Amino acid sequence: MRVKLMFAITGLLTLPAYAAELEVGVEIPKLNVAEYHRPYVAIWLEGADQKVASNLAVWYLMKDTAEGHGTKWLPDLRQWWRKSGRTLELPVDGVTGPTRPAGKHRLSFTDAQPQLKDLAPGQYTLVVEAVREVGGRELLKIPFSWPAKAPQSGQAQGSSELGAVTVAVKP
């Protein structure tokens, strides 16, 4: 009797299958400049109405320094700050993190994670904004459909603060 009951209980515990996955690639180029600072980067999704549908990542200086706390410079991410940043209580678990060094960085999200869990079907734009102290500012956008009926991919190429930015959506 005990064996049958155990089987019945464990048979109910199945993990959900993921219906969709979003992969983002962000390249931060190595710049040959006299005074280099890692860029602050915001990565988010906008709906067709151009409002923020989800914040995916915000990379900034998270420690106190002689220049002050890193949140002081977040308004320099102008587009993100106006649309979403100023209303957030930072840090945001699973979204905010430290600045990244030059190189290629990958982020992966499933529809079970908070960033995509409540994302309604429709047309979206991946937006990546980067700004660097004593440097420039750059904003790249890549459109895609959510959820994907077939695999999708897109790419944008930065010219100063960002290198290649990619998005891949898998059903």
Side-chain angles (χ1 to χ4, degrees), residues 12-29 38-62 70-71 73-100 102-132 136-171:
L12 296 175
L13 300 174
T14 57
L15 296 175
Y18 297 119
E21 184 178 348
L22 178 76
E23 290 185 4
V24 177
V26 177
E27 181 181 16
I28 298 174
R38 290 181 179 184
Y40 279 30
V41 177
I43 304 166
W44 72 95
L45 302 179
E46 287 184 355
D49 60 359
Q50 296 184 346
K51 292 183 180 176
V52 174
S54 180
N55 285 296
L56 300 179
V58 180
W59 302 335
Y60 65 98
L61 183 63
M62 299 185 76
T71 56
W73 306 109
L74 283 173
D76 285 352
L77 290 164
R78 292 180 186 158
Q79 294 295 316
W80 172 79
W81 185 255
R82 289 178 186 143
K83 292 184 177 201
S84 178
R86 64 178 157 200
T87 62
L88 295 176
E89 188 174 326
L90 298 168
V92 179
D93 188 35
V95 173
T96 54
T99 58
R100 303 293 199 272
K104 295 180 180 181
H105 306 278
R106 299 204 75 65
L107 299 103
S108 185
F109 306 93
T110 66
D111 60 357
Q113 292 176 283
Q115 292 92 334
L116 302 180
K117 188 176 182 180
D118 298 324
L119 202 61
Q123 296 297 311
Y124 291 91
T125 302
L126 171 74
V127 185
V128 180
E129 183 176 20
V131 63
R132 190 172 50 84
R137 168 182 297 14
E138 192 155 24
L139 183 87
L140 297 175
K141 296 184 175 191
I142 306 171
F144 67 95
S145 298
W146 181 264
K149 292 179 178 32
Q152 303 173 55
S153 63
Q155 180 172 338
Q157 181 63 46
S159 60
S160 58
E161 299 304 323
L162 293 167
V165 173
T166 60
V167 64
V169 185
K170 300 174 186 174

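Predicted, not measured: the structure shown is a model, and the values here were computed from it.
Ile28 and Pro39 get closest at one heavy-atom pair: CG2-CG, 3.8 Å. When all heavy atoms of Ala156 and Ile142 are compared, the closest pair comes out as N-CD1, 3.7 Å. The heavy-atom pair separating Pro147 from Ala20 by the smallest distance is CB-CB, 4.2 Å.
At least one side-chain heavy atom of Leu56 sits under 4.5 Å from a side-chain heavy atom of Leu126. Contact of the Leu119 side chain with the Asp111 side chain is not registered, since no non-hydrogen atoms from C-beta on lie closer than 4.5 Å. Side chains of Phe144 and Leu45 form a contact here, defined as non-hydrogen atoms less than 4.5 Å apart. A heavy-atom distance below 4.5 Å is not found between the side chains of Val92 and Val58. Within the 4.5 Å cutoff, the side chain of Trp73 has no heavy atoms near those of the Leu61 side chain. You'll find the side chain of Trp59 reaches within 4.5 Å of the side chain of Ile43, heavy atoms only. With a 4.5 Å cut-off on side-chain heavy atoms, Glu21 and Ser108 count as touching.
Rounding to the nearest 0.5 Å gives a distance of 9.0 Å between NE2 of His105 and CD of Glu27. The CG atom of Leu77 sits 11.5 Å away from the OH atom of Tyr60 when rounded to the nearest 0.5 Å. Atom-to-atom distance recorded for Asn55:CG and Gln115:CD is 9.0 Å, nearest 0.5 angstrom. Rounded to the nearest 0.5 Å, atoms CG (Leu22) and CG (Leu107) are 9.0 Å apart. Here the OG1-CZ distance, from Thr99 to Arg132, works out to 12.0 Å after rounding to the nearest 0.5 Å. The distance from the CH2 atom of Trp44 to the CD atom of Gln79 is 6.5 Å, given to the nearest 0.5 Å.
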Starting from the C-alpha separation in whole Å, work towards a yes-or-no answer on side-chain contact (heavy atoms from CB on, under 4.5 Å) for Leu139 and Trp80. CA-CA 10 Å; Leu139 183 87; Trp80 172 79; over 6 Å; no
With side-chain contact (heavy atoms from CB on, under 4.5 Å) as the criterion, how do Val95 and Leu88 come out once you've worked through the C-alpha distance, each side chain's angles and the decisive distance to 0.1 Å? CA-CA 11 Å; Val95 173; Leu88 295 176; 5.9 Å; no
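Residue pairs meeting the side chain to side chain donor-acceptor pair (under 3.5 Å) criterion with at least one partner in residues 138-154, sequence neighbours excluded, are Gln123-Ser145, Glu138-Ser159, Glu138-Ser160.
At distances below 3.5 Å, at least one donor-acceptor pair connects side-chain atoms of Arg137 with backbone N or O atoms of Asp76. Judged purely by atom type and a 3.5 angstrom limit, Arg86 has no side-chain atom pairing as donor or acceptor with the backbone of Ser84. Side-chain atoms of Lys104 never come within 3.5 Å of backbone atoms of Ala164 as a donor-acceptor pair (strictly under, hydrogens ignored). A donor-acceptor pair is defined here as one N or O able to donate and one able to accept, closer than 3.5 Å; no such pair exists between the side chain of Glu129 and the backbone of Ala42.
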